[in-house]
Protein chains: 4
Amino acid sequence: MSDPRDALYCTESMAAVWSPAVHVSQLLAFEAALARAEAHVGVIPHAAADAINAACTTTPVDIALLYRQAAQAGTLVIPLLDALRPHIAEAGRTFLHWGATSQDAIDTALMLQSRTGLDLLDADLRRLAEVCATLAEQHRTTLMAGRTLLQQALPISLGLKAARWLGLLTRQIQALHNQRQQLAVQFGGAAGTLATLGSNGMRVAEILATELELVLPDLPWHAERDRVASLASVLGITAGAMAKIAQDLVLLAQTEVGEVSEGSAIGKGGSSAMPHKHNPVDAIFALSAAKLAIGQVPIIIGAMTHEHERAAGSWQAEWQALPDLFRYTSGAVARVADAVTNLQIDAARMRANLDLNHGLLMSESLTMALATQMGRPTAQRLVQEIIRRVLASGNTFQQAAQADPQIQALLSTEALEQALDPAGYLGSTEQLIDRALAGHRAVVVKQD
Amino acid sequence: MSDPRDALYCTESMAAVWSPAVHVSQLLAFEAALARAEAHVGVIPHAAADAINAACTTTPVDIALLYRQAAQAGTLVIPLLDALRPHIAEAGRTFLHWGATSQDAIDTALMLQSRTGLDLLDADLRRLAEVCATLAEQHRTTLMAGRTLLQQALPISLGLKAARWLGLLTRQIQALHNQRQQLAVQFGGAAGTLATLGSNGMRVAEILATELELVLPDLPWHAERDRVASLASVLGITAGAMAKIAQDLVLLAQTEVGEVSEGSAIGKGGSSAMPHKHNPVDAIFALSAAKLAIGQVPIIIGAMTHEHERAAGSWQAEWQALPDLFRYTSGAVARVADAVTNLQIDAARMRANLDLNHGLLMSESLTMALATQMGRPTAQRLVQEIIRRVLASGNTFQQAAQADPQIQALLSTEALEQALDPAGYLGSTEQLIDRALAGHRAVVVKQD
Amino acid sequence: MSDPRDALYCTESMAAVWSPAVHVSQLLAFEAALARAEAHVGVIPHAAADAINAACTTTPVDIALLYRQAAQAGTLVIPLLDALRPHIAEAGRTFLHWGATSQDAIDTALMLQSRTGLDLLDADLRRLAEVCATLAEQHRTTLMAGRTLLQQALPISLGLKAARWLGLLTRQIQALHNQRQQLAVQFGGAAGTLATLGSNGMRVAEILATELELVLPDLPWHAERDRVASLASVLGITAGAMAKIAQDLVLLAQTEVGEVSEGSAIGKGGSSAMPHKHNPVDAIFALSAAKLAIGQVPIIIGAMTHEHERAAGSWQAEWQALPDLFRYTSGAVARVADAVTNLQIDAARMRANLDLNHGLLMSESLTMALATQMGRPTAQRLVQEIIRRVLASGNTFQQAAQADPQIQALLSTEALEQALDPAGYLGSTEQLIDRALAGHRAVVVKQD
Amino acid sequence: MSDPRDALYCTESMAAVWSPAVHVSQLLAFEAALARAEAHVGVIPHAAADAINAACTTTPVDIALLYRQAAQAGTLVIPLLDALRPHIAEAGRTFLHWGATSQDAIDTALMLQSRTGLDLLDADLRRLAEVCATLAEQHRTTLMAGRTLLQQALPISLGLKAARWLGLLTRQIQALHNQRQQLAVQFGGAAGTLATLGSNGMRVAEILATELELVLPDLPWHAERDRVASLASVLGITAGAMAKIAQDLVLLAQTEVGEVSEGSAIGKGGSSAMPHKHNPVDAIFALSAAKLAIGQVPIIIGAMTHEHERAAGSWQAEWQALPDLFRYTSGAVARVADAVTNLQIDAARMRANLDLNHGLLMSESLTMALATQMGRPTAQRLVQEIIRRVLASGNTFQQAAQADPQIQALLSTEALEQALDPAGYLGSTEQLIDRALAGHRAVVVKQD
């Protein structure tokens, strides 16, 4: 019953988590846990709980029919309980769903699915972070152009670029982890008062939360959706982080840049008409999955205006938007992970690209070398004059600098060479890489 | 292979239009039509076209496998052609997809599906418009409160409310119709130059458009997505129109208002725990489907930044967002159509609600009746004084007005009664209803 | 130079925080702090730092001119430094902005402004939370209808409704506080390597962060915008929380519900044409400000695809969207705070509304009372039968229930009365209120 | 009172159109025209109309105060009328705003401002389209790489790229023009019935529309916002079109591509630290303005759920979002117009870039040349084999092709050269340019 389209934007495992069948199974898990909790507190007989538990694990459910009925009933839970009831032994039938409302079951099921979904994302993000950590370590001094506004600015190292991706990933791992720790059970009954349970409501709620290993919130949250909106925005931001990395990869893979390409596999990224093309397919699908994921966030934040004790329309939109958000985010993460893991790196091209534009990339370095001696404004003016000569003559920056008498007077040949050597102008690059690696280790250790 | 969740937010027929299988069938329709067009122009042999047409209609396709391959290849078309080729007689094999690029096939297929999708929406909108037209006609003088900022303001008629819905619907029918007339074939080859076809490109394009009954655009639109964004926004606005009507219904159905309810059917809108509740389920799902639909629009407009001659990520997001937009819009329209068609109207409650708040709803009417004689500012002050007395005493507005000597001096008993009769303060209501009905008829006639 | 429109959607103090003049002053604060930090580390002379500090506090800036120049230069910092330089004593001029890039100054200034902005929001949210806490306490047992899907469902108390608002507010206060703790200095130099500072980069960064009382991040975050996106989404969710409360108020203020109204003041919420109307103006503007605020969030999350080491377009959009998000959120919070603070509560109308619909609101209560004796399915069927009689006869639910022989047999008169008394069917309401109050106190205490 | 920030994202003239002062002047224009129309129909005395007209043109208004009052009153119109009234001669005072509601004035004013706004956009778009038309004509055969998924695909000409921009612009000019033709007066009175005007409502409406040169709609549209949403989406799509062109420019201006740069001016796009950098500032601000513009669209479409006869919150959000949308769109259009007008084109670099990647860009051309003789599959395999040799040897594609015996057998030297000449593989480029130019002329002529 899975949708073939999932293959494009979604991992198989995440698609499975959010399948209708799994959703229904989690609704049943809620009903069973509720019965156990109520029996524990003494609200319903243990025999009733046993009967309900048995039915929840054995009743066959016609998923497609259930959704069609839900379209009329307003929620899945009403027809699901109707389907379940005949399978419950007499003693338990009365006590099914005792004191609960449909939204209790549905929201709790969504949180249980979210937990699994977050675990899947966590695993893929960690896999990706490991690869970035390795890149950061191995390419500490692999020189490449730092680019601002898509213009070459100063030299950096590939290791630093990977370290910045790593820092970004580390923060997402942490943020998703925080969300996981806050996933809360929903239990309030028809109007959030747990009226049916008299004075036993909170005790049942407590044990229910324990049973399901979810947080017990201060209050039901039927109509206060900041929890869902917060989860959604963390997912959307994770998708945005993937888009940033994927965008970098697509830009680096341009024909005219050629510094990376995605690993080839049969049937991967080729073009029937243009055999020379090798499209960065993983990065491209990561970008599209991220766009789709990010697009779900405003649906959920925008739907926070739940009316009174339960919403008429806003809640029902979450049922689709939250699963889709998880699904698309999984695709974005997995695709970036695949792209980075199999990345082909052309360090020679990276180095060669630094010499484009006559080597002018090193002009700030030279300016700085001169600035300590002649003040920055004067140094800037001098370097700008040399740049003009470079552009007029077609010489390299180095040639023009060497030929300038003022520079000759101020800098020795070695000093000039050093000022023009990209490897010597990396500033705090090593320390920054160290900080990113340490930050990553701290998160990994803390959570394991 | 259909998704059970479609039952909640989508019509069955619209889900079918956007199924993977139909998408693939439309890709094949493109390839077949292309071959016919090229044979017609003499670019490829007629025998080749026949062989390709035959294969396009008979080759069995493993849809799920195809999507998995597409995830690697970058588009569905590459593996689809691979699957097709062995089934094409030798003479035609070479000429499959001749001169085209994947995006030509995919965009054209999406436009063919859009055409069917627009036809389905058109039918449901017309059905809904007919019902609104009937309501407008039948309830020309069924009095109810006009409400602004959710406060009762002045009397209107239910017919006028329906007429305003009708006007809204008429404009959407027209806007969708305009979109349908503009659906364009996509045909540009790998970089939009139709390079493979030498000097025959435009002739092939012309015949291809004719074959598929699509518009021939001035230029390929691989990377200029205003057409798609325009289609998307019209769909989103249609969904927004549905949300407006659905929101009105939900508000009118409130326990405290009670002027309408959705028709009951077994299993419809009930609550297991609260048998007195009758939820407006159709309107609620219309609202959620509309929220989901509207949420897709910024994904598509936001993805207009297609890079150069074909996009890396933005285009691929459309494949999911545009179908979802059609699907959710269909759900919104169908649900509103169902809700309005089966609407239970409580005209007595509508009339009774006009008397809430001591009958103060008629205060503008009285102000206006007095204003012609004493000037509006003075009239306003007098009426405000009477309102104060009403609120202090608990009397009705009529009682307080009748007791006021100034009013007694200016208005006869009949004149006062008339000034306080909601039926007499409907202004241009009848004419406005006529205009809405005429506007509706004009669109229906023009398009049939 | 403030925009008159701010009066509608924004507090005066928040408008001031995000004024161009304050932004420029924070840019200068960055430049001054940077000079101090660099002098501290020994990278520049103390005299230079002193000269720069002096100029940063005394140089007059033509703000309007500066923005026009920025439109050409690409950032405010370039023309600002040009304007500043002539005012710096010779010794310092060279060392202005030493090692920094425009984005270092701008992002840091935005974080400094965000800190003030968060403090303003915190104060208003705390004020609002206090009022809600008082309402929760005072109206623990003020009965009103709990409404789900805008249908009356079960009785709740106004105190519980306020407690749920309080819980929502408490979480937003906490979330904004967490953001405040994470505001990070930006300092990376032209390509994020701090190349100009050689081996001193990280020490300067550390002291700069201390000077400005901002967090020192692991790495510069020029192009990794999860921090900004996270801040934006927390603001958007706060706005969404305001929309939820405001929506509740608007719905409760409907003519047909009439349970609350906004406090009157001269010129507040009246209608010239309709003197009986009293519009909930604060809630309405809160809703519109929230819509505007939430609308900025996807701009920021969607702009996370910053290219390489600095973005071409995405970053520049944040300059407008983040300030607007703060501004609109402030309006939403302040307007809700005003509305709730001045709320007129009509407890009698709340109680009276519970009897609408023949008192059927208590049907679940009766069902539950009967269910323990005859099983819930049987009880449900019996109660539904009684509801049918109520709707046919026009009797009240109580009358119909008392007349039923089965109920007479099972429930004593007192038991029936109790089952039909809303005050007796509030379940865990008191405990839930206690939990909300305790949660609120914990956050207030922790942060003070 | 203008905001300095406007300089970054907005044209000065568009900022002026949407200034508070102009908005108020258009509110006054509405009130004056209404009085004239009502006098014409005989609903109010001519003397009253004269008095009102006089006051509307001479009364000084404290704009800042007015907005503060509006924040309490709910709309600008209430305090504006209060400010106006003392300045109206006695005879007219009563008849000010006769039969109208605040929303009539505000919506009509917004439409009048929109008309001017659309005219400004039209002028800038036409200016830009002219430049693109010239580029298309002049660079018909200036060779450059066509790039798909940011990989070089096939040769195109710069003229074709400009022609595609032109086609995009032509459609936006047309779409904005269509919107302009549909701008409608708003006139319905307090609940949309024109109740105050008795039987004269529609005649007044008709003359009012004529006075203001706006369309008379079938019905008031206080709560049916498809007109506004449609206007908003056309603006957003225009902004999206600008983003597409700006994105192309930024990509072409990359250091590694270097095919275009923005014209230099003093203070334009430079970098103090990096004198070699020349940032494409216009394109970058166009991108950010477009992001901001597009971000307003979902606010407006999402706010279509206006409740009943007038909205509580959704309408009030339009007051800010629609002006901002116009403002940002103007910035996007003007910045792209500036960028393209002053574009520095490096045709030599364009040609040189075609030879990157060993000349493999011509592989489809060779495949096609071979395909007619050996079938496409075989030709593809052969060309892929040659590509492998190229990548292994470092030779050019031409060298490897010439050395292949199979190719030698099938293609003469001239035929091979022709197959490898980019200028010979432009397909329908010239015709497509002609079509774009013709489409542009048709729109320009039709509208002038």
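A note on names: the letters A, B, ... follow the listed sequences, proteins ahead of strands, and every chain is numbered from 1.
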With chain A as the partner, which of [options] has the greatest number of non-hydrogen pairs under 4.5 Å?
options                                : answer
C:Lys291, C:Met374, C:Met242, C:Gln172 : C:Gln172
C:Leu252, C:Thr238, C:Asp226           : C:Asp226
C:Ile237, C:Asp434, C:Leu194           : C:Ile237
C:Arg171, C:Gln247, C:Gln431           : C:Arg171
C:Gly167, C:Pro155, C:Ala223           : C:Ala223
C:Val234, C:Thr196, C:Leu287, C:Asn200 : C:Thr196

Would you give me the side-chain donor-acceptor pairs under 3.5 Å for residues 299-309 of chain C, sequence neighbours excluded?
{"residue": "C:His306", "atom": "NE2", "partner": "C:Ala303", "partner atom": "O", "Å": "3.2"}
{"residue": "C:Glu307", "atom": "OE1", "partner": "C:Ala312", "partner atom": "N", "Å": "2.9"}
{"residue": "C:His308", "atom": "ND1", "partner": "A:Lys161", "partner atom": "NZ", "Å": "2.8"}
{"residue": "C:Glu309", "atom": "OE1", "partner": "A:Arg147", "partner atom": "N", "Å": "2.9"}
{"residue": "C:Glu309", "atom": "OE2", "partner": "A:Lys161", "partner atom": "NZ", "Å": "3.2"}

Q: Could you check which of A:Ala195, A:Gly146, A:Ala241, A:Gly295 has the highest count of heavy-atom pairs closer than 4.5 Å to chain C?
A: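 Answer, by heavy-atom pair count under 4.5 Å with chain C: A:Ala195.
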Q) Top residue by heavy-atom pair count (under 4.5 Å) with chain C, among A:Val250, A:Leu251, A:Val297? A)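 Highest number of heavy-atom pairs under 4.5 Å: A:Leu251.
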Which atom names give the shortest non-hydrogen contact between [X] and [Y], and what distance separates them?
X        : Y        : result
A:Ala191 : C:Ile156 : O-CG2, 3.7 Å
C:Pro220 : A:Leu432 : CD-CD2, 3.8 Å
A:Leu154 : C:Ala190 : CD1-CB, 3.6 Å
A:Pro377 : C:Thr94  : CD-OG1, 3.8 Å
C:Leu160 : A:Gly192 : CD2-O, 4.2 Å
A:Leu426 : C:Thr193 : O-CB, 3.3 Å

Q) If you round to the nearest 0.5 Å, how far is NZ of C:Lys244 from OG of A:Ser314? A)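 It is 10.0 Å, given to the nearest 0.5 Å.
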Q | Atom pair OG1 (C:Thr148) and CD (A:Gln103), whose distance is rounded to the nearest 0.5 Å | A |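 Answer for the OG1-CD pair, C:Thr148 versus A:Gln103, is 9.0 Å.
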Is chain C contacted by the side chain of [X], its backbone, both, or neither, given a heavy-atom distance below 4.5 Å?
X        : value
A:Ala311 : backbone
A:Leu437 : neither
A:Gln316 : side chain
A:Trp98  : both

Q) Can you name the residues that form a side-chain hydrogen bond (donor to acceptor under 3.5 Å, both in side chains) with C:His222, not counting sequence neighbours? A)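 side-chain hydrogen bond (donor to acceptor under 3.5 Å, both in side chains) list for C:His222, sorted by chain: C:Asp104.
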(Q) Looking at A:Gln182, I'd like to know if its CD atom is crowded, meaning that more than 12 non-hydrogen atoms belonging to other residues, nucleotides or ligands lie closer than 6.0 Å. (A)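 Yes, enclosed.
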Q.
Counting only heavy atoms from other residues, nucleotides and ligands, does the tally under 6.0 Å from CD of A:Glu430 exceed 12?
A.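 Yes.
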(Q) Does any backbone or side-chain atom of C:Ser230 lie under 4.5 Å from a heavy atom of chain A? Answer side chain, backbone, both or neither. (A)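 Both the backbone and the side chain of C:Ser230 come within 4.5 Å of chain A.
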Q. Checking C:Leu219 against chain A: side chain, backbone, both or neither under 4.5 Å from a heavy atom?
A.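 Both parts, heavy atoms under 4.5 Å.
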(Q) When you compare the side chain of C:Ile245 with that of A:Glu224, does any pair of heavy atoms fall below 4.5 Å? (A)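 In short, these two side chains do not touch, never coming nearer than 4.5 Å.
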Q. Does any non-hydrogen side-chain atom of A:Leu168 lie less than 4.5 Å from one of C:Trp221?
A.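 Side chain of C:Trp221 against side chain of A:Leu168, heavy atoms only: no contact under 4.5 Å found.
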Q | Of A:His440, A:Arg164, A:Arg435, the residue whose pairing with C:Asp218 passes side-chain contact (heavy atoms from CB on, under 4.5 Å) | A |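 That would be A:Arg435.
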